[in-house]
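The first residue in the sequence is number 1, and the count goes up from there. For ligands, and for the atoms within them, numbers begin at 1 and follow the listed sequence.
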Amino acid sequence: MDSIRIRGGTPLHGPIAIGGAKNAALPLMAASLLSDETLMLSNLPHVADVSTMANLLVELGVGISMNGEAGVGGHMGRVFALRAGDITETTAPYDLVRRMRASVLVLGPLLARCGRARVSLPGGCAIGTRPVDLHLKTLAELGAEIEIQEGYIEATAPNGLTGASIVFPQATVGGTENLLMAATLAKGETVLNNAAREPEVADLAHCLTAMGAEIEGIGTDTLRITGVDRLGGAEYSVVSDRIETGTYAVAAAITGGTVDLMGARLDLIEAVADTLTRAGAEITEIPDGVRVSRTEGRLDGIDVMTEPFPGFPTDMQAQIMVLMAVADGASMITETIFENRFMHVPELCRMGANINVHGASAIVRGVPNLSGAPVMATDLRASVSLVLAGLVADGETVVSRIYHLDRGYERLEEKLAACGADIERIRDESAGSPAPGEVEAGAGGSP
Ligand code: UD1
């Protein structure tokens with residue numbers, strides 16, 4: 001397996017192209033199942049999870065042709081033309097769902113279009129049990145009949161789906177996306193109350209609208225969908241990745257550099273920008289992007305609580321912990337979304353961080369220096385936090401198991417190296433490692 005070697009201590013300077021959001025791309029690709037016409041998606045990131053979703057859709061009968069195009073700031077956004085003319089298969093097999101939990105996003109569209117779907121039940125993953133009970137309960141409220149058999153969700157809607165007023169007891173991004181897609185083709189009106197307000201949900205809703213869906217309340221926690229008989233094709237560009245943006249923003253702040261995040265949108269990262277500003281970084285909007293810099297002084301400790309959007313995202317929790325680890329004074333992180341999302345803590349401690357976890361909170365006492373070490377992580381954002389730690393640590397850090405990184409970060413080491421970081425990918429020739437974005441993602445897929 002490939003690994004990444006970093007020699008820390010260099011401030012980052014330069015532009016970094018921010019790609020399309022992985023977490024928007026996946027539901028948008030699944031939405032292609034709702035129409036027999038072509039959905040043309042651009043600004044897709046070149047990451048392994050997008051390849052996994054493409055493989056799943058091809059297995060279901062979707063025809064996909066792909067192109068690359070030079071996008072903003074040199075970002076090579078991919079363009080996929082997805083056409084689900086005939087859906088030939090309605091089973092999402094264990095092997096693909098196991099690799100990427102977001103495979104469950106085909107459930108709602110398959111049910112709505114074909115009246116049946118068989119999707120392997122995702123298991124737990126590195127960051128918690130992560131059930132899909134709310135997806136199933138709310139689809140049942142639209143009239144789906146759902147059973148669990150031999151590890152598979154067996155869902156049918158022999159008479160089609162019918163609109164209903166749904167109340168999510170807890171906001172769920174994937175659950176909202178599945179219901180939103182299903183409701184576009186249901187009979188009558190569906191109201192989704194306490195819907196997730198993440199920008200990726202809004203991106204999906206805008207794309208569905210372009211395909212002919214009738215949706216009100218986009219961007220709010222109440223989505224009102226009037227079902228239509230059919231959806232058509234559309235052309236749609238994926239929203240920029242706010243988590244990739246936040247990750248490189250932390251990289252600039254901790255190394256004491258200045259980076260221009262091209263294609264980034266400040267309005268999508270307000271909670272992260274506010275946190276970084278309180279810690280002592282400067283964030284400014286520039287034409288077509290966001291500048292992040294810290295050229296003087298040390299960072300200050302800050303307290304953070306993860307929350308649904310527009311709060312501080314759980315997908316930035318591991319990264320901000322690295323900032324806290326090298327800031328002055330004590331910081332506290334409270335994780336409210338996932339119950340087991342501190343798997344990076346022992347590895348950061350091995351690099352010299354002073355972190356104590358008490359239940360859902362972590363107390364981080366800043367240290368003057370981290371020291372390089374061989375480390376590995378069990379999920380995507382935890383892995384990138386170790387790369388960030390390596391950028392500020394004394395000496396050499398080798399992060400292994402980076403297939404997690406390749407699931408969600410496009411050309412991470414190239415982007416950082418172009419800003420002056422001493423970082424390189426060490427290819428495991430014995431494994432015949434494929435290029436990033438084409439890799440077989442590992443088991444236990446998590447965000
Ligand atoms: C999505 C993101 C992930 C992010 C997460 C929270 C994608 C592909 N992934 O994951 O990167 O970290 O949102 O912002 O977009 N829950 C239930 N029952 C359910 C569904 C969810 O109990 O049926 C719980 C989960 O265990 C978790 C919380 O609700 O504790 C939020 O999960 P959810 O918003 O559904 O996350 P995902 O859509 O899986």
Side-chain angles (χ1 to χ4, degrees), residues 20-31 44-45 47-50 52-53 56 97 99-108 119 121-141 146 148 153 155 166-181 192 194-204 221 238-239 241-244 246-247 268-269 271-272 305-319 334-341 343 360 379-385 404 407-409 441 444-447:
K22 166 186 87 83
N23 285 354
L26 301 175
L28 287 170
M29 292 170 72
L44 286 161
V47 296
D49 274 8
V50 164
T52 304
M53 181 58 91
L56 171 57
V97 180
R99 270 181 226 166
M100 186 184 71
R101 295 176 51 83
S103 307
V104 79
L105 291 171
V106 301
L107 179 61
V119 177
L121 202 56
C125 71
I127 62 171
T129 50
R130 294 185 81 188
V132 289
D133 57 322
L134 300 177
H135 300 228
L136 306 187
K137 175 177 168 291
T138 49
L139 283 171
E141 290 177 45
I146 298 179
I148 305 293
I153 303 160
I166 310 273
V167 181
F168 286 102
Q170 173 181 1
T172 151
V173 173
T176 303
E177 291 166 345
N178 244 333
L179 261 283
L180 180 58
M181 289 188 276
L192 301 180
N194 195 26
R197 286 187 287 160
E198 268 64 8
E200 295 76 22
V201 176
D203 210 38
L204 173 64
D221 65 359
V238 180
V239 69
D241 194 324
R242 65 196 166 100
I243 307 300
E244 188 187 29
T247 301
L268 301 182
I269 58 153
V272 172
M305 185 184 298
T306 64
E307 286 171 312
F309 190 83
F312 190 94
T314 174
D315 286 353
M316 280 298 301
Q317 183 253 102
Q319 300 91 313
T334 305
E335 170 60 61
T336 72
I337 309 292
F338 292 109
E339 73 266 30
N340 189 25
R341 207 168 190 184
M343 302 292 279
D379 78 67
L380 171 55
R381 310 301 172 186
S383 300
V384 88
S385 76
H404 290 297
R407 288 188 40 220
Y409 287 91
S446 50

Test of understanding: given a 4.0 Å heavy-atom threshold, classify the contact between R341 and ligand 1 as side chain, backbone, both, or neither. side chain
Between T336 and E307, is any side-chain donor less than 3.5 angstrom from a side-chain acceptor? no
Partners of S103 by side chain to side chain donor-acceptor pair (under 3.5 Å), sequence neighbours excluded? none
Does ligand 1 have any atom sitting under 4.0 Å from a heavy atom of E200? no
Given P308, A102, G174, which one has a non-hydrogen atom that is nearest to atom 38 (O) of ligand 1? G174
Distance filter under 4.0 Å to V173 heavy atoms, resulting ligand 1 atoms: 1 (C), 13 (O), 33 (P), 34 (O), 35 (O), 38 (O)
Counting only heavy atoms closer than 4.0 Å, does ligand 1 sit against the backbone of Q170, its side chain, both, or neither? side chain
Should T172 be counted as touching ligand 1, given the test is an N or O pair under 3.5 Å? yes
Looking only at N/O atoms, are R101 and ligand 1 under 3.5 Å apart anywhere? no
Result of checking L105, L56, V50 against M29 for side-chain contact (heavy atoms from CB on, under 4.5 Å): V50
The single option from D133, N178, L192, L179 that satisfies side-chain contact (heavy atoms from CB on, under 4.5 Å) with T138 is L179
Region of T314 engaging ligand 1 - heavy atom pairs below 4.0 Å: side chain
Contact check: G175 vs ligand 1, nitrogen or oxygen atoms, below 3.5 angstrom: no
For G408, is there any backbone N or O sitting under 3.5 Å from a side-chain donor or acceptor partner on D49? no
Under the salt bridge (Lys or Arg N to Asp or Glu O under 4.0 Å) test, residues paired with E200 that sit two or more places apart: R242
E198 side chain to V201 backbone, donor-acceptor under 3.5 Å: no
What distance do I243 atom CD1 and N23 atom CG have between them, rounded to the nearest 0.5 Å? 7.5 Å
Could an N or O of ligand 1 be found under 3.5 Å from any N or O of E198, whether backbone or side chain? no
Before signing off on this row, confirm whether F338 and ligand 1 have an N or O atom pair separated by under 3.5 Å. no
Is it the case that ligand 1 has an N or O less than 3.5 angstrom from some N or O of I337? yes
Is D315 paired with R341 through a side-chain N to carboxylate O contact shorter than 4.0 Å? yes
Heavy-atom distances under 4.0 Å decide this one: backbone, side chain, both or neither, for D133 against ligand 1? both
